[in-house]
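First the structure, in the form of structure tokens, and then the observations on it.
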Number of protein chains: 2
Amino acid sequence: MYAVKESSTNQLNKQASLCKCPVTYTLERIGGRWKALILYHLSGKPLRYGELKRALPDITEKMLIQQLKELEADKLLTRVAQPVVPPHVTYSLTEAGAALSPVLKAMAAWGLNYSEDITFNAPVCK
Amino acid sequence: MYAVKESSTNQLNKQASLCKCPVTYTLERIGGRWKALILYHLSGKPLRYGELKRALPDITEKMLIQQLKELEADKLLTRVAQPVVPPHVTYSLTEAGAALSPVLKAMAAWGLNYSEDITFNAPVCK
DNA sequence: ACAAGTACTAACCAAAAAGTAGGTATCTAT
DNA sequence: ATAGATACCTACTTTTTGGTTAGTACTTGT
């Protein structure tokens, strides 16, 4: 996790967009290659770190941890670590995270409808 | 518009995600800093290039054109150029683009509900 | 003759996102 | 004694996204 350069035009436009449009705000929270997929997998039930990792075979550990940390910081999910050894950590959706379900559903519906060019194999986010 | 490196892990994961999850598919189409904002502005009525530019004062011309070209290639909007001089070009949503409205609405609703930290000034995407 | 408006295009560079390759500590089973 | 499992962490590099600056051609208004 690198520091962002707060004075960059990119950052300024980002902040401006966030205050202008709640859609952009939402996009900032669930955008990127992995976040929607993580949220989807947690939508059924809470999962341990290792379960998530096996559910998302292509993600690297660095990416998984990084995305989980960001989602936690954004209060979309909760991390519960039991102080045992070997470690036992569970991730689950917060209310805000669970409330994204209609958004994911709307996106899934559109994606399924308007993509003649692609056949989805699995899983279909619901 | 630079060429992407098709053999990169990034690209491979992107393609894999696209085939695995319609949510990711949708996200790829409307993600980024500007696309949702452009779609929002066109949702009311078709606009000329210059009108869009004035509606989005912070976007640079390069970004605007680039996003418009990508949205056009993805068949979310249509570009109609009248062969006159000075040029007269109009952008409007396709059916697929208009069908994104429930998605944008769901995102706007979530964004408005779960952002105590931010007050949106305008415009509120609907 | 010159500025302003139309809708772009291209070369270049900075910043962010994503990926690679290694590492940590503790415990249990072999 | 070593291997595998638990859940991470760090330094680094590659790839992609976004931004800066300059330019095009043609017409109308001053």
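Residue numbering restarts at 1 for every chain, and letters A, B, ... go by the order of the sequence lines.
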Without decimals, in angstroms, what is the distance between [X] [atom1] and [N] [atom2]?
X       : N      : atom1 : atom2 : result
B/Leu64 : C/dT9  : CG    : P     : 12 Å
A/Ile65 : C/dA17 : CD1   : P     : 18 Å
A/Lys53 : D/dC9  : NZ    : P     : 13 Å
A/Arg29 : C/dA17 : CZ    : P     : 12 Å
B/Gln66 : C/dT9  : CD    : P     : 11 Å
B/Leu12 : C/dG19 : CG    : P     : 10 Å
B/Ile38 : D/dG18 : CD1   : P     : 11 Å

- Any ion pair linking B/Arg29 and B/Glu70 (charged N to carboxylate O, less than 4.0 Å)?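 Judged by the 4.0 Å cut-off on N to carboxylate O distance, B/Glu70 and B/Arg29 do not form a salt bridge.
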- Item | Chi angles and distances behind the side-chain hydrogen bond (donor to acceptor under 3.5 Å, both in side chains) call for A/Glu61, A/Tyr49 | CA-CA 10 Å; A/Glu61 295 203 57; A/Tyr49 173 77; 2.9 Å; yes
- Query: If only atom types and distance count, is the side chain of A/Glu28 paired as donor or acceptor with the main-chain N or O of A/Tyr25 below 3.5 Å?
  - Reply: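 A pair under 3.5 Å: no.
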- Query: Would the number of heavy atoms belonging to other residues, nucleotides or ligands and lying under 6.0 Å from CD of A/Glu95 be above 12?
  - Reply: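 At most 12 heavy atoms, drawn from other residues, nucleotides or ligands, come within 6.0 Å of this atom.
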On the nucleotide [N], are OP1 or OP2 found under 4.0 Å from the side-chain N or O atoms that [X] carries?
X       : N      : result
B/Gln11 : D/dT15 : no
A/Tyr91 : D/dC8  : yes
A/Arg33 : D/dT16 : no
B/Arg48 : C/dG5  : no

- Could you run through nucleotides 20-30 of chain D and give me one letter per nucleotide, 5' to 3': B if any protein heavy atom sits under 4.0 Å from the base, S if only the sugar-phosphate is that close, - if neither? B-----SS---
- Can B/Val23 and A/Ile30 be said to form a side-chain contact (heavy atoms from CB on, under 4.5 Å), step by step? CA-CA 10 Å; B/Val23 173; A/Ile30 64 172; over 6 Å; no
